[in-house]
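These numbers were taken from a predicted model, which means no experiment stands behind them.
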Amino acid sequence: MNQATNRSECMSEALIIMAHGSRSETANDEFRLLVERVAEAGEDYVAVLPCFLELARPSLMEALQQIEHQPVARVRVYPLFFNSGKHVARDIPAQVQEARQRHPHLDIRLLDYFGTAEGLAGLVGRHIEAQRDS
């Protein structure tokens, strides 16, 4: 597959980044800002949207409604979670499965959660080191 074809296929994708959600709207807004920065850093998606597992909005279903009238064939759901607890192991896959049933025209793929990211330990170490003299 050539690069032009690959780029064209990426342009029909949306990315939904999922966080747990908080009762604190300040915390939820902080996450929304992070998602905006991710969207600004890359141009490979038709849309990059936040969603929350619980306690805040939009939910996954509401985020999918936001892209309903956009040229999207594939949706990637990225759980921004550190550990494979019950939310990552059970709750998120259940929501994604429900989304697939409600939106059979979309190829909805659940990506690996953030805690599996290669280089995460190094990033944490660099972040700590950067604060050493603070």
Visitor: Are side-chain heavy atoms of Leu53 and Phe81 found at a separation under 4.5 Å?
Guide: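 Answer yes - side chains close enough.
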
Visitor: Given 3.5 Å as the limit, does a donor-acceptor pair link the side chain of Gln131 with the main chain of His127, or not?
Guide: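 Yes, because the side chain of Gln131 sits within donor-acceptor range (under 3.5 Å) of the backbone of His127.
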
Visitor: Let's go through Val46 and Glu13 carefully: what are the C-alpha distance in whole Å and the side-chain angles of both, what is the deciding distance for side chain to side chain contact (heavy atoms under 4.5 Å, CB included) to 0.1 Å, and is it a yes or a no?
Guide: CA-CA 6 Å; Val46 171; Glu13 286 186 332; over 6 Å; no

Visitor: Is any side-chain N of the basic residue among Arg32 and Glu25 closer than 4.0 Å to the acidic one's carboxylate O?
Guide: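 Glu25 and Arg32: salt-bridged.
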
Visitor: Is the closest side-chain heavy-atom distance between Val48 and Ile16 below 4.5 Å?
Guide: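 Val48 vs Ile16: side chains apart.
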
Visitor: Any carboxylate oxygen within less than 4.0 angstrom of a Lys/Arg side-chain nitrogen, looking at Glu98 and Arg102?
Guide: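 Answer for the salt bridge query: yes.
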
Visitor: Which heavy atom of Arg100 sits nearest to which heavy atom of Ile108, and what is that distance?
Guide: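 Reported closest heavy-atom pair: NE-O, 2.8 Å.
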
Visitor: Are any side-chain N or O atoms of Asn28 and backbone N or O atoms of Ser22, one a donor and one an acceptor, separated by less than 3.5 Å?
Guide: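 Side chain of Asn28 to backbone of Ser22: a pair is present.
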
Visitor: For Glu30, I'd like to know if atom CD has over 12 heavy atoms of other residues, nucleotides or ligands within 6.0 Å.
Guide: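 Counting neighbours around CD of Glu30, 12 or fewer heavy atoms of other residues, nucleotides or ligands fall under 6.0 Å, so no.
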
Visitor: Using every non-hydrogen atom in the two residues, find where Pro50 and Phe31 come nearest and quote the distance to one decimal.
Guide: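 Closest pair (atom of Pro50, atom of Phe31, distance): CB-CE2, 3.6 Å.
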
Visitor: When you group the ILVMFWY residues by side-chain heavy-atom contacts below 4.5 Å and let the links chain together, are Ile17 and Leu120 in the same group?
Guide: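 Hydrophobic grouping puts Leu120 with Ile17.
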
Visitor: Does a salt bridge link Asp107 with Arg76, judged by any charged N lying under 4.0 Å from a carboxylate O?
Guide: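 Salt bridge between Asp107 and Arg76, a charged N being under 4.0 Å from a carboxylate O: yes.
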
Visitor: Using a strict 4.0 Å threshold on nitrogen-to-oxygen distance, state whether Glu129 and Arg126 make a salt bridge.
Guide: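 The answer is no: the pair does not qualify as a salt bridge.
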
Visitor: Are Ser12 and Val72 close enough that some pair of their side-chain heavy atoms sits under 4.5 Å apart?
Guide: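 No, every pair of side-chain atoms sits at 4.5 Å or beyond.
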
